[in-house]
Number of protein chains: 2
Amino acid sequence: MPPTLEEVAKLAGVSRSTVSRVVNQHPNVRPEVRERVWEVIRQTGYQPHAAARSLATRRTRVIGLIIPQAVTTLFTDPYFPILMRGVADACNAHNYHLMLSLFSQRRVHNSRTQQDLLYQQVLRGRYLDGVVVSSAPLDDPIFPRLLEDGVPFVIVGRYPHERANYVDVDNVVGARMAVEHLLRLGHERIATITGPLNMFAAQDRLEGYRQALAARGIPVDEHLIAEGDFTEQGGRTAMQRLLPYQPTAVFAASDMMAVGAIKVLREAGLQVPEDVAVVGFDDIPLASMVDPPLTTVRQPIEQLGSMAVELLIGMLESPQAGGVHRVVLPTELVIRASCGVRVRAL
Amino acid sequence: MPPTLEEVAKLAGVSRSTVSRVVNQHPNVRPEVRERVWEVIRQTGYQPHAAARSLATRRTRVIGLIIPQAVTTLFTDPYFPILMRGVADACNAHNYHLMLSLFSQRRVHNSRTQQDLLYQQVLRGRYLDGVVVSSAPLDDPIFPRLLEDGVPFVIVGRYPHERANYVDVDNVVGARMAVEHLLRLGHERIATITGPLNMFAAQDRLEGYRQALAARGIPVDEHLIAEGDFTEQGGRTAMQRLLPYQPTAVFAASDMMAVGAIKVLREAGLQVPEDVAVVGFDDIPLASMVDPPLTTVRQPIEQLGSMAVELLIGMLESPQAGGVHRVVLPTELVIRASCGVRVRAL
DNA sequence: CAATAATTTGGGAGCGCTCCCATAAAAGTG
DNA sequence: CACTTTTATGGGAGCGCTCCCAAATTATTG
């Protein structure tokens with residue numbers, strides 16, 4: 001049995017309260033007493049009991065990272081591990097702990113129920129002080145619930161509600177840069193493979209595509225727009241649908257989809273970038289490893305994760321400082337070979 | 001303020017204890033009372049307070065997944081997301097929650113301290129009922145501590161201690177199959193790129209390599225063994241070192257390293273598989289996507305994760321059923337193009 | 001139908017901590 | 001140096017639950 005506060009107190013010859021003060025860095029303890037108590041703590045290996053503490057303080061120092069079921073299939077996309085690393089880093093830095101909720105679509109009868117159940121247990125059971133929600137579809141029921149229950153949360157991505165805090169990248173501008181680059185290279189029949197259009201990131205990137213064309217006075221040919229789902233397979237299928245309309249360039253809303261698209265193009269006997277230029281989005285590590293290396297829009301994924309946590313912890317530690325927290329990080333066009341420009345020549 | 005047990009009790013006209021019985025499915029409650037209580041619970045949205053419960057029961061229904069700092073840099077390796085999915089799935093299925101501890105090497109002054117701190121807080125603070133430790137180096141200080149503190153844990157990978165529970169794949173046999181396959185194809189100068197040799201998985205795969213050669217009476221040329229670190233970059237560096245010794249085949253102890261090796265071979269003007277055959281290990285999704293598709297040893301990564309959790313939960317729920325829990329899952333050779341055999345022809 | 005056994009219910013104690021308030025000790029003041 | 005102010009310490013109450021035991025109710029049986 002590990003020691004309790006009370007036991008430490010007895011050993012140090014002081015009261016429970018004094019030990020508590022020492023542990024919680026309360027200033028009003030005489031230095032020699034403080035030292036004596038620390039000594040006992042060190043010797044006994046005392047550690048406050050998390051549950052007891054939470055019960056009394058109503059805080060857990062645990063935050064949740066929720067990745068809704070709709071995107072769990074994408075989990076092999078390196079986007080998520082990188083995001084998680086950012087999240088975990090920031091948690092470590094602030095001495096918070098991370099609870100991970102992934103909802104898989106497998107082995108679940110009534111999938112809605114699984115997510116519901118977990119929501120109910122974890123959030124209403126006050127396991128968590130707050131949550132980071134990553135890339136949920138915009139109609140995910142989690143948002144209304146979080147708002148209603150008053151759970152502090154930060155979204156990675158954006159969400160149109162006056163009380164929603166989020167961290168996002170400028171998807172519209174990123175996409176526009178990508179398409180503008182293709183336009184600059186002389187392409188006119190530029191297709192796009194979008195993400196699932198029930199996500200803002202996907203909508204915004206499509207919007208960037210539209211804006212770039214509009215700025216050049218090029219009418220949008222709806223045949224050149226195919227909806228994907230951010231996965232490689234989705235990219236393949238979408239590319240297949242685009243093939244008959246003979247685009248000379250493709251802007252894929254994720255690197256994974258770009259990779260899929262390139263495969264389909266090759267299978268159709270087309271060269272990348274000679275016959276068709278391809279640009280991706282994300283700049284995952286794979287982007288520089290595939291052949292040809294992918295021109296893509298870099299988003300600071302890891303930073304997105306840590307920023308979300310910083311924001312959340314800020315809200316938790318000074319709740320009075322109300323207001324809505326929103327951060328939009330910039331993107332950057334990374335030019336490699338797949339768009340058909342020699343980097344040096346640019 | 002969410003309702004408490006006591007409040008629900010008052011509304012239902014029963015005592016605290018009775019509501020507790022209803023919530024915990026205790027049989028001794030009259031059906032009509034049970035129904036009445038459920039009704040109130042439903043209406044009020046009552047949810048037991050996790051911390052209060054833990055304090056009383058000394059269980060949290062939370063298990064930890066610990067990925068020690070030594071491997072966090074490998075986190076972009078798809079191995080981890082896949083493992084995590086397995087772990088998360090099994091947790092969901094058993095109504096446990098998952099706490100994730102990643103230790104990054106970045107931003108840490110005294111890195112040992114960070115891991116220590118977290119160990120101290122999380123484990124001794126009894127946030128967790130038990131932990132799954134993934135791919136830690138065999139001298140990681142976490143193992144002695146877990147054993148000493150009596151924290152229930154399951155390792156993914158193996159560990160030589162009579163009280164260590166683990167789930168592993170048969171790395172020796174897997175590696176042997178891979179190398180035997182190369183031998184069967186007529187190769188004699190077979191090099192290997194090992195993982196970091198402070199991990200058992202790496203040692204075991206090297207052992208499999210040695211066994212395969214020994215079985216054929218081929219002496220091991222130590223120049224043909226290069227230590228990598230499971231990353232692509234590590235694979236490149238190792239391959240560079242091997243190049244002067246002109247192997248005709250390479251067995252890389254991970255797919256990521258195989259990918260790195262292939263790049264180096266190409267840069268050296270060698271064709272894969274024509275000039276040098278390459279075999280990997282893991283069968284991550286990338287393996288079938290690269291060019292040429294990788295012949296590799298498949299290990300059931302996701303199953304490894306869920307199995308570890310199942311074992312752990314088993315231990316937690318019936319602690320009296322002592323004994324050591326060990327599972328070794330089989331591997332499977334997946335033949336693709338990189339070893340230079342036409343699949344059909346086999 | 002009294003006596004016994006089984007089932008159902010309520011309340012006290014306690015899990016280990018924090019926080020408030022009262023008291024004790026030390027320091028500051030005219 | 002009596003008096004107020006500040007600083008340090010101890011103890012009670014309570015966070016929301018479970019678990020045990022005793023009391024009340026119901027069912028069983030000779």
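Chain A is the first sequence line, chain B the second, and so forth, proteins listed ahead of strands; every chain is numbered from 1.
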>> Can you confirm if the aromatic rings of Phe143(A) and His161(A) lie within a centre distance of less than 6.0 Å?
In response: no

> Along nucleotides 9-16 of chain C, 5' to 3', which nucleotides get a B, which get an S, and which get a -, given that the test is a protein heavy-atom distance under 4.0 Å?
Replying inline: BBBBB-BB

> Can you list the residues that meet the salt bridge (charged side-chain N to carboxylate O under 4.0 Å, His left out) rule with Arg30(B), with sequence neighbours excluded?
Replying inline: Glu32(B)

>> Using whole Å, what does the distance between atom P of nucleotide dC17(D) and atom CZ of Arg61(B) come to?
In response: 16 Å

> Measuring from His49(A):NE2 to Leu5(A):CG, what's the distance to the nearest 0.5 Å?
Replying inline: 12.0 Å

> Quantified as the angle between the terminal helix axes (five pairs each), what is the overall bend of the helix from dC1(C)-dG30(D) to dG30(C)-dC1(D) to 10 degrees?
Replying inline: 40°

>> Tell me the closest heavy-atom pair linking Val133(B) and Pro68(B), and the distance in Å.
In response: CG1-CG, 4.4 Å

> Taking CD1 from Ile41(B) and P from dC17(D), how many angstroms apart are they, rounded to a whole number?
Replying inline: 10 Å

>> If the test is side chain to side chain donor-acceptor pair (under 3.5 Å), which one of His94(A), His325(A), Gln303(A) qualifies with Glu310(A)?
In response: His94(A)

> Under the 3.5 angstrom rule, does the side chain of Ser54(B) hit a backbone N or O of Arg59(B) as a donor-acceptor pair?
Replying inline: yes

> Whole Å only: how far is the CG atom of Asn24(B) from the P atom of dC17(D)?
Replying inline: 10 Å

>> Tell me whether Arg42(B) is salt-bridged to Glu39(B), with the criterion being a basic N under 4.0 Å from an acidic carboxylate O.
In response: yes

> Between atom CZ of Arg61(A) and atom CD1 of Ile313(A), what is the distance when rounded to the nearest 0.5 Å?
Replying inline: 7.5 Å

